[in-house]
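Position 1 is the first residue of the sequence, and the numbers go up from there. Note that this is a predicted model, so its numbers are computed, not measured.
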Amino acid sequence: MKQSKKIHFEVSERKILLRIFDVLFVLLALFIIGEIFNFGYFKISASNFYWTIVLGLYLNVIGTVFEMYNLQVASNELQVVKSIILTASCTVLIYLLTPIFTPVLPSNRIQILFFFLAVLLALFFWRMLYVRFFGSQRFTKKVVLICDREQVRELVSGLENVDPHYKVIGYINTEHASDVTVNHAVQNVLAEELSAFVRANSASEVVIASQKPDAITINLYNQLIHLLESGFIIREYTQVYESITQRIPVQYVARDFYRFFPFSRSNQNQLYLLAVRIFEVLISIAGLAVGLILLPIILIGNSIGNRGKLFYTQQRVGKNGTVFTIIKFRTMVKNAESGGAVFTTTNDARITKFGKFLRKTRIDEFPQFLNILKGEMAVIGPRPERPVFVAEIAEKMPFYETRHVVKPGLTGWAQVNYSYGETIDDSLMKLQYDLYYIKHRSLFLDVNIMVKTLSTILFYRGQ
C-alpha cells in the first residue's frame with residue numbers, strides 16, 4: 001500500500017504563496033469594508049480594474065523592501081509584525097499619493113483610515129495564520145542525507161538555516177564506519193535500513209551529498225531505485241543547496257564545474273546588455289546629481305568628523321582582470337593602512353564616526369557613479385576587490401577569478417544577502433552568491449537586487 005506523503009512547500013512556492021495571499025486578503029478586506037461601511041474610496045469594477053493591479057504591485061514591491069518575503073522573518077511573529085506595519089503604512093501612503101494610477105483622494109478623511117486599517121488588519125490576520133498553520137511542523141520537509149560523517153554538521157546547517165521548514169532527520173554515513181554521534185537531532189541510519197527509515201518517518205526526499213565514487217553501494221543503489229519508483233524524490237546536494245540558498249556551493253563542485261555550470265545567456269545577450277548600459281548611465285547621472293545635493297553636508301561632516309581629504313582612491317580588479325582606480329568618499333582615518341593592506345572588519349577602529357554613517361547609508365559609494373559612467377563598473381555585479389586580496393584569495397579558493405567574467409558592481413547579490421567580508425571564509429560565502437548571480441543573471445534578478453539594496457539602506461545595514 002502506497003504511503004501518503006505530507007504536504008511541503010518549497011522555498012519558491014512559499015514566497016509565491018505569501019505574495020498571492022497578501023494581495024487576496026487585502027482585496028477581500030477592502031470588499032468587506034465596502035459592503036459593511038460607507039466606503040467608496042476603493043471599489044473593484046471592470047472600469048477601474050487597474051487600481052487592483054497597482055495595489056497588488058505596491059504591496060509586493062514594498063513588502064519585498066521590508067522583508068515580508070524573507071522566510072525567516074515570515075516565520076517569526078515578532079519580526080513579521082514590524083514588517084507588516086511598515087509595509088501597510090508605506091503602501092497606503094504611496095497609493096494615496098499616486099492618484100494618476102489610483103483613486104482620487106477622498107474628501108472624507110475617515111475613508112483613508114478605513115483603507116489603512118483594511119490593509120493592516122488583512123496582512124496581520126493572514127500572516128498570523130501563516131505562522132500558526134503553514135509554519136507549523138505539519139508542513140516541514142523531512143530529508144535524509146547520504147554523505148560523509150564529517151560533512152553532516154555543515155550540510156545540515158547550510159540547508160536548515162536558510163529554510164526554517166527544511167528538516168534533516170537522518171543521514172547515511174558513506175564512509176561505512178561505525179556509528180558516531182555528530183548531531184543529536186540527526187540520526188545515523190544504516191544503509192540497509194534506508195527504505196524502511198524513509199517510510200517510517202514520512203521523509204519526502206533523499207539528498208546525495210557524497211562525491212566518493214564508491215559511496216553508493218549496490219544495496220544502497222537498489223533501495224534508491226525502489227524509493228524513486230515509489231514516488232520519493234532523489235536529488236543531488238548541489239542542486240538542493242542552490243535552489244534553497246540561492247548561491248553556488250563551490251566547495252562541493254569539482255574543478256571541471258564548467259561542464260554543468262552554464263553561465264546566464266544574459267551575459268552575451270546584446271539587447272540585455274544595451275538596456276542595462278542605458279539604465280546604468282541614467283542611474284549614474286541621477287546618483288551624481290543626488291551626490292552634488294548632499295555634497296555641502298558631506299563637506300561639513302568630513303571637515304569635522306574625518307579631518308582629511310574628501311575623496312579616497314584605490315586600485316581594484318575589474319572585468320577580465322583589468323585593474324582600475326575606484327573613487328569613494330573617505331571613511332577612515334589618515335594612513336589607515338600604514339602597516340599594509342588588511343580586510344575591513346565589522347567594528348573597524350580605523351573607520352571614523354562620520355565614515356561609519358557614510359558606509360551605513362552607502363553615501364560613501366556615490367563617487368563610484370563616475371566609474372560606472374566610464375564603463376569600469378556596473379550598477380549590479382560582484383563587488384570589485386583589491387589586486388593584493390585577489391591574488392591571496394585565488395591561491396586558496398577555487399573559481400574565485402570567475403567573478404571577473406562580468407563587470408564589478410556598485411551593489412550585488414552577495415552584498416544584499418551577506419555581511420561584509422572580513423575573512424577568507426567570508427570571501428568564500430560571497431563568492432557563492434557572486435557565482436549564483438553570474439549563472440542566473442537576468443532582468444528579474446537585477447530588479448530583485450535593486451529592491452533588496454533599498455531595503456539595506458532603509459534598515460541602515462550598509463558596511
**Report entry** Arg132/Glu77 ion pair, N-O < 4.0 Å
**Finding:** yes
Requested in this report: Determine, for Arg235 against Glu205, whether the closest basic-nitrogen to carboxylate-oxygen distance falls under 4.0 angstrom.
Outcome: yes
Query raised in the report: If you measure from the Lys or Arg side-chain nitrogens to the Asp or Glu carboxylate oxygens, is any gap between Glu242 and Lys439 under 4.0 Å?
Result: yes
**Report entry** Enclosure of Phe311 CZ (heavy-atom neighbours >12, cutoff 6.0 Å)
**Finding:** yes
Query raised in the report: How long is the gap from CD1 on Ile298 to CZ on Phe357, to the nearest 0.5 Å?
Result: 8.5 Å
Query - Polar side chain donor-acceptor pair, Thr325 to Gln315, under 3.5 angstrom - result: yes
Query raised in the report: How many angstroms lie between CG in Asn70 and OG in Ser75, if you round to the nearest 0.5 Å?
Result: 9.0 Å
Report task. Give, for atom CD of Glu365 and atom OG1 of Thr411, the distance between the pair rounded to the nearest 0.5 Å. Result -> 8.0 Å
**Report entry** Mutual orientation of the aromatic rings belonging to Tyr241 and Tyr237 [parallel < 30°, tilted 30-60°, perpendicular > 60°]
**Finding:** tilted
Query raised in the report: Between Phe25 and Phe125, what is the ring plane arrangement, given parallel below 30°, perpendicular above 60°, and tilted in between?
Result: tilted
Query raised in the report: Between Glu385 and His404, is any side-chain donor less than 3.5 angstrom from a side-chain acceptor?
Result: no
Query raised in the report: More than 12 non-hydrogen atoms from neighbouring residues, nucleotides or ligands closer than 6.0 Å to CZ on Phe444, yes or no?
Result: no
Query raised in the report: Just how far is it from atom CE of Met377 to atom OG of Ser284, taken to the nearest 0.5 Å?
Result: 9.5 Å
**Report entry** Tyr400 side chain to Glu395 side chain, donor-acceptor N/O pair below 3.5 angstrom
**Finding:** no
Query raised in the report: Do Tyr95 and Phe115 have ring centroids that are under 6.0 Å from one another?
Result: yes
Query raised in the report: Using a distance-only test with no angle check, is there a side-chain donor-acceptor pair under 3.5 angstrom linking Asp364 and Thr331?
Result: no
Report task. Compare every heavy atom of Tyr433 with every heavy atom of Tyr418, then report the nearest pair and how far apart it is. Result -> CB-CE1, 4.0 Å
Query raised in the report: To the nearest 0.5 Å, how far apart are CH2 in Trp126 and CG in Leu129?
Result: 6.0 Å
**Report entry** Stacked cation flag Arg19 on Tyr69, 6.0 angstrom / 45 deg
**Finding:** yes
Requested in this report: Give a yes-or-no answer on whether the side chains of Asp446 and Tyr272 include a donor-acceptor pair shorter than 3.5 Å.
Outcome: yes
Query - Short N-O contact, Arg127 and Asp22, less than 4.0 angstrom - result: yes
